[in-house]
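Note that these values count all heavy atoms, side chains included, but never hydrogens, waters or copies made by symmetry.
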Amino acid sequence: MSREEAEKYLYDAMTIGEQLLISGAEVGRVEDTIRRICLAYGAERVDVFSITSSIVTTMYGNFGICTQTRRVRGMANDLSKLDDLNQLSRYICAHRPEPSEIGSRLSEIDRRPTYSLRMQILIYAVISGSFSVFFGGDLRDMIASALIGIVLKLLESFLKRSSLNSLITVFLCCGMGGILANFAVRIGLGHRADLISIGNIMLLIPGIAFTNSLRDLFSGDTITGLIRCMESVLLAFVVGLGFTAANLLF
């Protein structure tokens, strides 16, 4: 394998690792996937270091030494895409396709349909209403929470287009949720603002991120685990701050 080919294969391996990390994979899986792909193409040794926002890989072989760094921005849990990328990495290790085929398969994965905005709105409404009832709300509280969930999804979609910081986006959504919950009680749509709000809070609590941080810590990836844990704690604090600020207005 020439150095030019090695750079291309390493670039594709880094792209797969980046997409895995964005889709919610733990860093151990990302590092192992990149390492296996590089070894499958003839590398003698591969050193991979990954955290939540960066991947660094150095590959050694008869082509010399190749090093690439990838800055990772944004996280979005997508288990379907995660499974597709895992299947692709296994296919690459077994058949060692050309870079052009790898690129086309990655493009195909990116083009696969996801949940439409209407479906996401419906999911937000169902989750909000269900948790409101689960924690003791009545029918009116459930309806109010479901309607507010719809508003929060629309607001979240609008704010994400403006490239705001994720913490600011969450704070604004929580503030709006708290204001609407109290307003719903004032006009008689709901009975208890806290039981309405708790359904909306469950949409924004970083439960998966916190679970992944513990998994990273137990797997020995201490740095990544601590980073994800602090991100989760900070996000939970912002969620509480947003709803608290809204309640203080009433």
Side-chain angles (χ1 to χ4, degrees), residues 10 12-40 43-60 67-94 106 109 114-115 123 127 130-131 134-135 165-167 169-171 173-174 198-243:
L10 179 56
D12 290 333
M14 292 283 282
T15 301
I16 293 174
E18 177 188 19
Q19 293 302 315
L20 284 170
L21 193 58
I22 291 174
S23 300
E26 64 272 23
V27 295
R29 182 194 299 267
V30 173
E31 293 176 354
D32 184 63
T33 298
I34 296 175
R35 185 181 298 108
R36 287 177 181 272
I37 292 175
C38 293
L39 291 174
E44 297 174 1
R45 174 178 171 178
V46 183
D47 294 325
V48 187
F49 176 74
S50 174
I51 56 176
T52 56
S53 59
S54 179
I55 305 174
V56 182
T57 303
T58 300
M59 183 170 63
Y60 307 84
T67 300
Q68 292 186 16
T69 302
R70 187 68 59 90
R71 181 74 165 89
V72 182
R73 299 182 184 277
M75 292 285 180
N77 293 296
D78 190 336
L79 299 183
S80 177
K81 187 174 183 179
L82 190 62
D83 182 64
D84 291 337
L85 291 168
N86 281 330
Q87 295 298 327
L88 175 60
S89 64
R90 294 187 181 98
Y91 173 81
I92 292 172
C93 292
L106 282 171
I109 292 174
T114 57
Y115 289 118
I123 292 171
I127 292 174
S130 299
F131 274 108
F134 179 80
F135 287 104
N165 182 280
S166 59
L167 293 178
T169 299
V170 171
F171 178 78
C173 287
C174 292
I198 199 168
N200 306 131
I201 288 174
M202 299 306 293
L203 297 171
L204 304 166
I205 289 294
I208 295 178
F210 185 73
T211 302
N212 286 342
S213 72
L214 296 180
R215 182 173 58 184
D216 288 331
L217 286 171
F218 289 136
S219 299
D221 298 310
T222 309
I223 296 176
T224 303
L226 290 175
I227 291 174
R228 281 181 167 168
C229 183
M230 290 304 300
E231 289 176 349
S232 302
V233 171
L234 182 59
L235 189 58
F237 173 77
V238 171
V239 170
L241 184 64
F243 279 99

Exercise for review: Give, for atom CG of D216 and atom OG1 of T211, the distance between the pair rounded to the nearest 0.5 Å.
Suggested key: 11.0 Å
Review point. What are the two closest non-hydrogen atoms of V239 and C174, and how far apart are they?
Key: CA-SG, 3.5 Å
Review point. What closest approach, in Å, do S213 and R228 show between heavy atoms, and which atom pair accounts for it?
Key: CB-CB, 3.5 Å
Check your understanding: About how many Å separate CD of Q68 and CE of M59, when rounded to the nearest 0.5 Å?
Key -> 7.5 Å
Study note, to complete from the structure: Heavy atoms of G28 and D221 approach each other most closely as N-OD2, 3.7 Å
**Study point:** Aromatic plane relationship, F134 with F131 - under 30° parallel, 30 to 60° tilted, over 60° perpendicular
**Key:** perpendicular
Review point. Would you say F210 has more than 12 foreign heavy atoms packed within less than 6.0 Å of its CZ?
Key: no
Point to revise | Minimum side-chain heavy-atom gap T222-L226 below 4.5 Å | key: yes
Review point. Going by heavy atoms in the side chains, are I51 and V27 under 4.5 Å from each other?
Key: no
Point to revise | T52 versus E231, closest heavy-atom pair with distance | key: OG1-OE2, 4.1 Å
Review point. Where the side chain of S130 meets the backbone of I127, is there a donor-acceptor pair that is under 3.5 Å apart?
Key: no
Exercise for review: For R215, look at atom CZ and say whether over 12 heavy atoms of other residues, nucleotides or ligands are found less than 6.0 Å away.
Suggested key: yes
Review point. For atom OH of Y91, is the number of surrounding heavy atoms from other residues, nucleotides or ligands below 6.0 Å larger than 12?
Key: yes
Review point. Taking the side chain as C-beta and beyond, is there a heavy-atom pair between N212 and E26 under 4.5 Å?
Key: no
Study note, to complete from the structure: Smallest heavy-atom separation, I34 atom then M14 atom, equals CD1-SD, 4.2 Å
Practice item. Please say whether more than 12 non-hydrogen atoms of neighbouring residues, nucleotides or ligands are located less than 6.0 Å from CZ in R73. Key: no
Review point. If every non-hydrogen atom of L21 is compared with every non-hydrogen atom of S50, which pair is closest and at what distance?
Key: CD2-OG, 3.9 Å
Exercise for review: Look up atom CD in E31 and atom OG1 in T224, then write down how far apart they are to the nearest 0.5 Å.
Suggested key: 7.0 Å
Review point. To the nearest 0.5 Å, how far apart are CG in L85 and CD in Q87?
Key: 10.0 Å
Check your understanding: Just how far is it from atom CD1 of I37 to atom OG1 of T15, taken to the nearest 0.5 Å?
Key -> 9.5 Å
**Study point:** CD1 (I223) with more than 12 external heavy atoms under 6.0 Å
**Key:** no
Practice item. Report yes if some heavy atom in the side chain of L79 is under 4.5 Å from a heavy atom in the side chain of D83; otherwise report no. Key: no
Point to revise | L234 atom CG: more than 12 heavy-atom contacts under 6.0 Å | key: yes
Study note, to complete from the structure: Here the gap from L20 atom CG to R29 atom CZ, rounded to the nearest 0.5 Å, amounts to 7.5 Å
Point to revise | With T58, the side-chain hydrogen bond (donor to acceptor under 3.5 Å, both in side chains) member among T69, D47, T67 | key: T67
